[in-house]
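Remember, it's 1-based here, ligands and their atoms both numbered in the order they're listed. These values consider heavy atoms only, across backbone and side chains, with no hydrogens, waters or symmetry-generated copies. Sequence positions, counted from 1, serve as the residue numbers for this chain.
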Amino acid sequence: MNTKPVNLLDHDEAGLRAFFASLGEKPFRAQQILKWIYHQGVTEFAAMTNLGVDLRQRLQEIAVIEPPRVLSEQLSVDGTTKWLMGLCDGGFGGSNAVETVFIPEPNRGTLCISSQVGCALNCSFCATGAQGFSRNLTTGEIIGQVWQAARALGHERNGRRRITNVVLMGMGEPLLNFDAVVPALSLLRDDLGYGLAAKRVTVSTAGLVPGIDRLRDTIDVALAVSLHAPDHALRETLVPLNRKYPIRELMRACADYVSDKHKRSVTFEYTLIDGVNDHPEHARALVRLLRRLPSKLNLIPFNPFPGTHYHCSAEARIREFQAIVMAGGLIATVRRTRGEDIDAACGQLVGKVLDRTRRSRMVRETGLTVIAGGAGR
Ligand code: SAH
């Protein structure tokens, strides 16, 4: 028979239990295999000694454990590491690639992973958006980035975990790839996977309102929302998605999200762009918008990329903006730019996107017709 092997990285615990049940095996096989893959870093069935010879043989015939391939690794002077991960796009003459970034800090290590090849949303200040959209990643390609990074970093070596937090803030809009993203989140949370607490797994969205609502009802993770403007008119010039899901609806979805007892706060990301959204009046409007919502504000100095006409706000402007929002009662931090020398900073991830013409198809499939009109750039 010539059927495509199942990639076991495409399944979370529930999916693997169903898979083993379909083979007539006991569901606890799922636990055994998860430990091999995510705790031991083993992908060869032959090495999985507690599975029994017959089952190992069977798995070898019908399944694989196949993460993306590491095509390159770049190390920044500040310790940030960026990998280019090659994807299997068999049969179409070449392969796509996405970028994954590890940001070490004294008391934590954050891994930033991608959820799509390119992005369909076309935010005017983002290098990924400028590339166009190729396709969604599979669950295995999403969790496989973590698997590869953990291996490269020596995940559990010296008894210390290097990856303590995972953020879906790389390439793509995670909530437009909901069905593949959720099992990956579940593997990040699962003790048999990476065992991360809910607050250490963050989904970042450009504001896909129905996706936020669905996420709230599906799994406990932290939510980050890319806001970038305090009002409708300005936001739609930066984030075209705002035309479909205006700020008012977005704020409603965020308020509902934090009303769940497990989800206490939303992080708002606000990229500060010189002369565009960094005026003191914008800061005051932001206070009025957010002061009643349990939230944190993450101010991100704009990171330039080739072809952009935007500039980063001056340091004094950034400090003034932060001072105004904090005086208004918001909790606001300025995100220090990391990995600049290797183009690993926010909004600079480009990977390798083949067939970038598919944006219009993604737009059609997701009903985001307003974006197809094009804006921003
Ligand atoms: N699509 C999701 C995930 C991408 S996250 C989202 O929009 O949230 C990437 C984060 O970096 C977002 O907050 C994004 O707005 C921000 N960003 C994008 N381009 C940037 C740039 N050039 N400089 C600084 N931040 C940028």
Contact partition for Asn303 relative to ligand 1, non-hydrogen atoms under 4.0 Å: both
Residues, nucleotides or ligands: over 12 heavy atoms within 6.0 Å of Glu44 CD: no
Among Gly207, Ser226, Ala206, Gly172, closest by any non-hydrogen atom to atom 3 (C) of ligand 1: Gly172
Listed once per pair and sorted, the ring pair (Phe, Tyr, Trp, His ring centres under 6.0 Å) pairs that draw on residues 314-340, sequence neighbours left out: Tyr270-Phe321
Side chain, backbone, both or neither: the part of Thr205 lying under 4.0 Å from ligand 1 by heavy atom: backbone
Under 3.5 Å: donor-acceptor pair, side chain of His228, backbone of Phe125: no
Contact with ligand 1 for Met171, non-hydrogen, under 4.0 angstrom: no
Test item, Gly170 contacting ligand 1 (heavy atom, 4.0 angstrom): yes
Listed partners of Arg335 passing salt bridge (Lys or Arg N to Asp or Glu O under 4.0 Å), at least two apart: Glu269
Option set His228, Gln116, Arg335, criterion heavy-atom distance to atom 14 (C) of ligand 1, minimum: His228
Winner among Leu168, Thr202, Thr271 once heavy atoms are compared against atom 25 (N) of ligand 1: Thr271
Contact summary for Leu121 and Ala206, nearest pair of heavy atoms: CD1-CB, 3.7 Å
Geometric N/O contact Phe125 with ligand 1, under 3.5 angstrom: yes
Element-labelled atoms of ligand 1 that are located less than 4.0 Å from some non-hydrogen atom of Ile300: 24 (C), 25 (N)
Electrostatic pair Asp213:Arg252 at N-O distance under 4.0 angstrom: yes
Ligand 1 versus Glu173: contacting region, heavy-atom distance under 4.0 Å: both
Asp231/Arg248 salt bridge by N-O under 4.0 Å criterion: no
Within the 6.0 Å centroid threshold, strictly below: Tyr38 and Tyr194: yes
Per-atom contacts, ligand 1 versus Cys126 - under 4.0 Å to a heavy atom: 18 (C), 19 (N)
